[in-house]
Amino acid sequence: MSSLSAPAATPTHDAGSAAIPVVVPNVRAALLLVSTAVLALAVYYFIGVDQGAVSVFGNDMHVHEFVHDARHFLGFPCH
């Protein structure tokens, strides 16, 4: 056997055993779902909607300029 050949794969579990599912409590699953949705909406707002006139920060364009190239890359018009 050459030094470049891989050793034979050995199974790490019994072929007849069933997989054990990961159980996530409902409260934790709901918290993860809600926090992911809030984060996604915040990212969507700052990249897709925030444009001076409708900005949460008033007439400040710092956020708009920071994500300007990402807006164009994702297809949001801003000019």
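FYI, the numbering just counts along the sequence from 1. Since this is a predicted model, take the numbers as computed values, not measurements.
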Let me have the donor-acceptor pairs involving side chains of residues 33-41, under 3.5 Å, with sequence neighbours excluded, atom names and distances please.
unit_1, atom_1, unit_2, atom_2, d
S35, OG, L31, O, 2.9
S35, OG, L32, O, 3.1
T36, OG1, L32, O, 2.7

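- Shown here are the side-chain contact (heavy atoms from CB on, under 4.5 Å) partners of V24, two or more places apart in sequence or in another chain: V22, R28, A29.
- For Y44, the side-chain contact (heavy atoms from CB on, under 4.5 Å) criterion is met by V49, F76, not counting sequence neighbours.
- Counting side-chain heavy-atom gaps under 4.5 Å among Ile, Leu, Val, Met, Phe, Trp and Tyr, I20 is found in no cluster with other residues.
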